[in-house]
Amino acid sequence: MCSRNAVIVRASGLLRTGSIVLLVLQFAACRSAKKQDDATPHTSRDLACDPAEVVAVSSGDKQVAVVDLDCDGVSDSVTVTWKIHETGRRPTLTVHGSLGGEISTEGDFLPELVSFGDLDSDGMRDILVVSVTESSVFAEVVMVHRDGDLSLVTFPSLSLRRAMQYRFHDVGWSSGCLGTLMPRLERLGTGGLAVSLATGDYRREGDCARARRQILRVVDQRFEPVEER
C-alpha cells in the first residue's frame with residue numbers, strides 16, 4: 001500500500017556567491033512491506049555499514065543494482081525505470097526485498113545509480129543518483145530508512161555549458177572530463193560519509209575544466225556544507 005506520511009527533507013548548499021540555498025521538498029513516499037525485526041535494538045555491528053562497491057546494470061530504460069542496503073548480509077535489489085503515476089510518467093526508484101519501498105525522483109530524465117553509502121549513520125546504505133544531460137549534471141540522494149520509507153534530497157544542478165565555455169578553444173571538450181564534475185560520496189577525516197558536489201567554480205587542470213567541490217554531510221536530519229575544496 002501507499003503511505004501518505006509526508007516527509008520533509010532540507011538540503012542546504014553554499015554557492016559561489018556565498019549565499020545559502022535551501023531546497024525544501026515535501027512529498028508522500030510509498031512504502032511496502034516493513035522488516036520483521038524493526039523493533040530489534042541496533043548494535044554497533046548494525047551501524048558498521050561501509051559504502052558498497054556496486055556496478056548498476058542497464059537494460060533499455062531500466063537500471064538494476066544488487067546491494068545489501070540494511071547491511072544484514074542479505075542482498076536487496078534496486079531498480080530505476082519509468083512508471084506511470086497520478087501526475088504522469090515519472091522516473092521511479094524501487095527497492096525490492098525485505099525493505100520494499102518506491103519513490104519518484106525529480107527531473108525529466110532517468111537518473112543513474114551511482115553510489116551506495118550510509119550518510120546519516122543509521123546503519124542503512126543511502127543511494128546517490130545522478131542525471132546527466134547535454135547541459136547539466138543533477139544529483140539526488142534517496143535516503144533509506146529502517147521502517148521501509150524512502151525520502152528524497154535534491155541539490156542544485158551543475159551547468160556543463162559553463163564548463164565547456166571555460167575551456168580554451170584549442171582544447172575540445174572531452175567526455176573523459178565528465179568524471180571530474182560528477183557527484184560522489186567521500187569519507188570525512190573526522191569519520192562518517194558525505195556527498196561531494198562540484199559547484200561550478202572552474203579552473204583548468206590538464207585537458208579538463210575542474211570544479212571546486214563542496215562537501216555536505218547530514219547534521220540534524222539535513223545536509224549542511226562542512227568543507228570546500
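- Checking side-chain atoms of Asp126 against main-chain N and O of Asp118 turns up no donor-acceptor pair under 3.5 Å.
- In this structure a side-chain-to-backbone donor-acceptor pair under 3.5 Å is missing from Asp76 to Asp68.
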Take Leu185 and Ser196, measure what side chain to side chain contact (heavy atoms under 4.5 Å, CB included) needs, and give me the verdict at the end.
-> CA-CA 6 Å; Leu185 301 184; Ser196 172; over 6 Å; no
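- For Ser104 against His85, the heavy-atom pair with the smallest separation is OG-NE2, 3.2 Å.
- The residues Arg229 and Glu186 are annotated as salt-bridged, a charged nitrogen and a carboxylate oxygen being separated by less than 4.0 angstrom.
- With values rounded to the nearest 0.5 angstrom, Ile215 atom CD1 is found 14.0 Å from Arg187 atom CZ.
- Both Leu99 and Val54 sit in one connected hydrophobic cluster of ILVMFWY residues. Membership requires side-chain heavy atoms under 4.5 Å apart, directly or through other members.
- Contact between Ala139 and Leu128 at its shortest, heavy atoms only, is CB-CD1, 4.5 Å.
- Rounded to the nearest 0.5 Å, atoms OG1 (Thr133) and CG (Leu160) are 6.5 Å apart.
- Closest of all the heavy-atom pairs between Arg213 and Ala198 is NH1-N, 3.7 Å.
- Residues Val141 and Met143 approach most closely at CG1-SD, 3.4 Å, considering heavy atoms.
- If you chain together hydrophobic residues whose side chains sit under 4.5 Å apart, Leu178 and Leu158 fall into the same group.
- Under the 4.5 Å side-chain heavy-atom criterion for grouping Ile, Leu, Val, Met, Phe, Trp and Tyr, Leu188 is not connected to Val218 through any hydrophobic cluster.
- In this structure, a donor-acceptor pair under 3.5 Å is absent between the side chains of Arg212 and Thr199.
- Cys49 SG to Leu193 CG: the interatomic distance, rounded to the nearest 0.5 Å, is 10.0 Å.
- The OG1 atom of Thr105 sits 11.5 Å away from the CD1 atom of Ile127 when rounded to the nearest 0.5 Å.
- Salt-bridge formation is detected for the pair Glu102/Lys83: a Lys NZ or Arg NE/NH1/NH2 atom is positioned less than 4.0 Å from an Asp or Glu carboxylate oxygen.
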Passes side chain to side chain contact (heavy atoms under 4.5 Å, CB included), Leu69 versus Val95? Steps please.
-> CA-CA 9 Å; Leu69 291 176; Val95 175; 3.7 Å; yes
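- Of all heavy-atom pairs between Arg125 and Pro51, the closest is NE-C, 4.1 Å.
- What you find for Ala52 and Val67 is that their closest heavy atoms are CB-CG2, 3.8 Å.
- Cluster annotation: Val78 and Leu152 are assigned to the same hydrophobic cluster (Ile/Leu/Val/Met/Phe/Trp/Tyr, side-chain heavy-atom contacts under 4.5 Å, transitive).
- Between the CG atom in Asp70 and the NE2 atom in His145 there is a gap of 14.0 Å [rounded to 0.5 Å].
- The closest side-chain heavy-atom distance from Val142 to Ile103 is below 4.5 Å.
- Cluster membership for Val137 and Leu216, using ILVMFWY side-chain heavy atoms within less than 4.5 angstrom, is shared.
- Checked by atom type and distance alone, the side chain of Arg217 never pairs as donor or acceptor with a backbone atom of Val226 at under 3.5 Å.
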I would like to know whether Phe223 and Phe155 meet ring-ring contact (aromatic ring centres under 6.0 Å, His included); could you show each step before the answer?
-> CA-CA 10 Å; Phe223 280 89; Phe155 301 97; 5.5 Å; yes
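- Side chain of Ser59 to main chain of Lys62: no donor-acceptor pair is present (N/O by atom type, distance under 3.5 Å, no hydrogens or angles).
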Show which side-chain atoms of residues 107-117 pair as donor or acceptor with protein atoms under 3.5 Å away, not counting sequence neighbours.
none

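- No side-chain N or O of Glu140 forms a donor-acceptor pair with one of Thr154 less than 3.5 Å apart.
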